[in-house]
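Quantities reported herein were computed from a predicted structural model and do not represent experimental measurements. First the proteins, then the strands, lettered A, B, ... as listed; each starts at 1.
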Amino acid sequence: MLKVENLKVNYGGIEAVKGISFEVPENSIVTLIGANGAGKSTTLRSIVSLVKPASGSINFLGENITGKDTNDIVARGITLVPEGRKIFPDLTVLENLKIGAYMRKDSLEDDLNWVYDLFPRLKERHWQAGGTLSGGEQQMLAVARALMSRPKLIMMDEPSLGLAPLIVQGIFDIIREIHRQGVTILLIEQNANMALRTADIGYVMETGSITMTGSGAELLVNEKVREAYLGN
Amino acid sequence: MSKKKSMTISAILFLALIVIIVVLERMLPPTHIALAVLKKGCIYSLVAVSMNLLNGFTGLFSLGQAGFMLIGAYAYAVLTIPVADRASVYMYFDGGIIQFSVPVFVGLLASGLLAALCAWLIGLPVLRLKSDYLAIATLGFAEIIRAFFQWDKLGVVTNGSNMLRKYPTFSTTLFPFLVSAACIGVMVLMINSSYGRAFKAIRDDEIAAEAMGINLAKHKRMAFCVSSFFAGVGGGLLAMYQTSIQAMTFKSSMTYEILLIVVIGGLGSVTGSCLASFLFIASSEWWLRFLDTEMTIGGFKVPLLRSGFRKVVFSVIIMVIVLFARRGIMGDREFSVDGICRFFKNLGKKKEVKQ
Ligand SMILES: Nc1ncnc2c1ncn2[C@@H]1O[C@H](COP(=O)(O)OP(=O)(O)OP(=O)(O)O)[C@@H](O)[C@H]1O
Ligand SMILES: [Mg+2]
């Protein structure tokens, strides 16, 4: 579904991503794990053209989307849940959700019901300003907002960041549920344990390069991964 | 309350305002200061809302409002001066080169369109700048425009640094009221549409807005052009109100006045901008006038009251408002029929609890 080849991204001369290649098959959950500053967020941002790649190609559903405008890419069915939630604090929950569907012109009724079913909490609080939600609720809103564009591929940048273990569990349940309903998922996580348990395929990224790859279960028992990312 | 019901009440309120204006015009002598305040208040409401659309709703800190008003005022005046009067108005420029004139509404439309065109042209380079730099660039633009319109070489069109006059004006307060109301109505529709939502998203978080597929450059430019369009129309109305204009008077202090109104009314509140406009104009031109005249009560000369003291008191009042109501009198809320009903219902409930 998504095929990234030899992707390089620079920030003013510093290479943040040094020619990585990976694939996200249709209907899979793929995770990208790695230490702080490895270039994970940069990779996701370049897929939706929020930063322009220096070289390499990004293919989505057989079409080259490298360097296309972000709105075009969103309209094609890729959506990003940005790092640190980045919900719109002064807009209500409902307005946040409507912005998520900005690229679509058709009726939103069904989709609102869909995300309200996934996140009943948001329905109760639809009139509340986004910035006044709790951290967990804000993360739910960020995911729900992304779903409003009816994506084929949803990319989540550390959705469990700063959340209590019970809420993290809830977020992962939602990820599985969204996946079950046919959305492909590319997940970045610090919580490597949870991520690898959930994912079909995992990639390990170190300072701008992919150094290991395998199924989630394989990586979970890999010596090096255990040492570096699982803390034992 | 149902949407329909609150719409009806709003419509009734609007009609009531019209009736009040008509009655006031009948009762008061035509030169009464209250009528002047109402007229200018309407015009400033329009300009303040247009500035709020940019600064409050889209989060673009622009200080070019006086420049766009100037463009609008000149477009209106230049295009509507009757052909017969051109020789006397443009007496240093052989009657000028424009030898036709258009009806009032075409002139006002042209005011807006010319201002919007200028905004579109400078939008591309200027809107890339962030916050303070955007403010400096738009302020600079307004100053350049002011000098440009006074340029001798352009005198055949702009009359150089001389006054433009003898163009059609209005006498009834209903005229600026209805034109401003219609324009503000259009902006409110826009703010409540998906475009308005996109503007607010850009204000809240540019990167997230872009990630949602909102084209930042396009939307910022759109907000800038629409805001400038209505500032231009406001300029045209101001020209009509003043009966004569001169580029010199569109100083940056005019932009600051409007910015103050927007801040006092609340960034992101349309009704706040309107209320603040009337309060601002009424205080600065009417209610505080007495501070400028010396007064003796029973042989005792009241100290401090002298010409210029009004400005001092006014500045103090504004400082107090900004200090104590940091988000303006309305915050980002709106004054609505629903809101008032809710307020009274809650009041009723509280009383019941007390008993
Ligand atoms: N806008 C930017 N300008 C300059 N350098 C940047 C920018 N964004 C990221 N970088 C640098 O690029 C490198 C990769 O950053 P990135 O955010 O992709 O890491 P990450 O893997 O997501 O890390 P984390 O797990 O901490 O979120 C880092 O060294 C970072 O300092
Ligand atoms: Mg990151």
Side-chain angles (χ1 to χ4, degrees), chain A residues 41 44-52 68-108 127 129-131 138 141-142 144-151 154-157, chain B residues 1 3 52-61 128 188-223 262-263 266-270 272 326-328 330-334 336 338-339 342 346:
Chain A
S41 300
L44 294 200
R45 280 206 291 269
S46 64
I47 290 173
V48 287
S49 238
L50 287 175
V51 289
K52 304 286 176 217
K68 289 223 184 321
D69 285 341
T70 304
N71 44 355
D72 184 12
I73 295 171
V74 173
R76 282 163 193 261
I78 305 183
T79 180
L80 172 68
V81 182
E83 188 169 22
R85 297 161 200 149
K86 297 215 179 282
I87 52 136
F88 304 113
D90 289 338
L91 300 190
T92 64
V93 168
L94 183 60
E95 284 176 316
N96 266 279
L97 293 175
K98 285 185 175 171
I99 287 287
Y102 190 70
M103 293 310 295
R104 299 177 27 209
K105 301 287 167 240
D106 46 328
S107 157
L108 304 180
W127 48 268
Q138 288 190 16
L141 179 58
R145 183 183 64 183
L147 289 175
M148 286 299 290
S149 68
R150 276 280 174 192
I154 183 169
M155 307 193 292
M156 302 190 202
D157 197 342
Chain B
M1 194 187 326
K3 207 168 181 179
N52 209 340
L53 179 71
L54 205 56
N55 293 29
F57 287 94
T58 321
L60 294 172
F61 189 43
R128 287 174 192 216
V188 168
L189 283 180
M190 179 162 203
I191 286 164
N192 291 332
S193 75
S194 66
Y195 287 119
R197 220 176 292 125
F199 293 165
K200 288 186 248 174
I202 292 173
R203 171 194 69 191
D204 273 17
D205 195 319
E206 278 197 12
I207 296 173
E210 199 179 6
M212 296 299 111
I214 293 170
N215 185 332
L216 294 184
K218 187 183 124 189
H219 282 85
K220 284 184 180 179
R221 214 172 181 188
M222 182 191 284
V262 171
V263 171
L267 282 162
S269 168
V270 172
R326 220 158 276 196
R327 305 197 57 196
M330 297 294 291
D332 61 357
R333 287 157 307 180
E334 294 294 352
S336 70
D338 267 6
R342 228 177 297 135
N346 287 346

- [ ] Give a yes or no on whether B:I207 atom CD1 has more than 12 heavy-atom contacts from other residues, nucleotides or ligands under 6.0 Å away.
- [x] no
Would you list the atom pairs in which one atom of chain B and one of chain A form a donor-acceptor pair under 3.5 Å?
residue, atom, partner, partner atom, Å
B:K200, NZ, A:E95, OE2, 3.2
B:D204, OD2, A:D90, N, 2.7
B:D204, OD2, A:L91, N, 3.4
B:H219, NE2, A:Y102, OH, 2.6

TODO: Measure the CD1-CD1 distance between B:I214 and A:I99 for me, rounded to the nearest 0.5 Å.
DONE: 4.0 Å
